Amino acid sequence: MNYWLFKTEPDDISLDDIKAAKTKGLRWDGIRNFQARNFLRDQLAVGDGVFIYHSQCKTVGIVGTAEVTRAAYADPAQFDKDSKYFDAKATTDVPRWFCVDIRYTGTLKKPLLLSQLKADPRLSDMVLIKQGRLSIQPVTQQEWRYLHTLAQTETES
DNA sequence: GCCAACGTTGGC
DNA sequence: GCCAACGTTGGC
């Protein structure tokens with residue numbers, strides 16, 4: 001069991017969208033960064049915990065949680081000429097890009113703002129703090145637990 | 001909208 | 001295989 005943080009622009013996909021998909025969940029696709037791709041493809045497993053983080057918006061920070069319901073499979077968008085995620089170098093035999101499915105598991109009572117996380121010395125080693133631009137990143141078990149104590153998730157399912 | 005950080009591309 | 005140019009991310 002591992003833990004992760006997924007960034008998303010809420011104008012595109014927000015925690016509410018994930019929540020609205022209910023137990024059916026949704027596909028987390030369009031990852032086109034190799035480092036993020038490698039985590040996704042090689043390490044994400046069914047049941048892993050995911051923090052959902054909103055970027056490029058007014059309230060930047062962690063807003064809720066989800067869990068992985070399907071491990072990596074080839075991202076169909078890379079083969080779709082009409083998709084902005086189309087990649088001419090990808091073939092069905094040798095896909096370049098992968099996606100997973102996730103489902104909503106909870107909303108934080110209060111979002112954990114980036115400014116707050118940055119100011120917390122216990123989180124100075126978080127990938128989020130050390131490496132700004134990475135849309136899928138690992139979270140340690142200690143960080144996962146500590147962030148939950150900070151936020152007190154109310155779990156629904 | 002600006003700009004810093006950083007990943008990727010491509011010429012040599 | 002180096003490195004400059006370029007593109008993208010993402011906070012502010």
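Treat the numbers as computed from the prediction; the structure is a model and nothing was measured. The analysis underlying the following values was restricted to heavy atoms, covering all of them including side chains, and did not include hydrogens, waters or symmetry mates. Letters go in sequence order (proteins before strands), and every chain restarts at 1.
Here C/dG10 presents its C1' atom at 14 Å from CD1 of A/Ile31, a figure rounded to the nearest Å. Nucleotide C/dG10 holds its C1' atom 15 Å from the CD atom of A/Gln35, rounded to whole Å. One can place CD1 of A/Ile129 at 10 Å from P of C/dG11, the figure rounded to the nearest angstrom. With rounding to whole Å, A/Phe39 atom CZ is found 15 Å from B/dG7 atom C1'. Residue A/Asn33 contributes atom CG, which lies 18 Å from atom P of B/dA5 at whole-angstrom precision. Rounded to a whole Å, the CD atom of A/Glu9 is 12 Å from the C1' atom of C/dG11. Rounded to an integer number of Å, the gap from CG of A/Asp11 to P of C/dG10 is 14 Å. The distance from atom CG of A/Leu128 to atom P of C/dT9 is 16 Å, rounded to the nearest whole Å.
Considering every non-hydrogen atom in both A/Asp87 and A/Trp97, the closest pair reads OD2-NE1, 2.7 Å. Counting all heavy atoms, side chain and backbone alike, A/Asn2 lies closest to A/Asp48 at N-OD1, 2.9 Å.
Map A/Gln56 and A/Gly132 each onto its nearest nucleotide of DNA chain B; the residue landing nearer the 5' end is A/Gln56.
Using a 4.0 Å heavy-atom distance criterion, A/Lys130 is classed as making no nucleic acid contact. Here A/Gln131 lies in heavy-atom contact (under 4.0 Å) with sugar-phosphate atoms only.
Across B/dC6, C/dG11, B/dT9, the shortest atom-to-atom separation from the side chain of A/Arg133 is found for B/dC6. Side-chain atoms of A/Lys118 lie closest to C/dC12 of the nucleotides B/dG7, C/dG10, C/dC12. Nearest nucleotide to the side chain of A/Tyr53, out of B/dT8, B/dG7, C/dG11: C/dG11. You'll find that the side chain of A/Ser55 is closest to C/dG11, out of B/dG7, C/dG11, B/dT8.
A sub-4.0 Å separation between OP1 or OP2 of C/dG10 and a side-chain N or O of A/Lys7 is present.
Interface remark: the A/Arg32 side chain does not form any donor-acceptor pair with the C/dT8 base, using a distance-only criterion of under 3.5 Å.
At a threshold of 4.5 Å between non-hydrogen side-chain atoms, the residues A/Leu44 and A/Phe6 count as touching. Using a 4.5 Å heavy-atom threshold, the side chains of A/Leu5 and A/Glu143 count as separate.
A side-chain donor from one of A/Arg27 and A/Tyr73 sits under 3.5 Å from a side-chain acceptor of the other.
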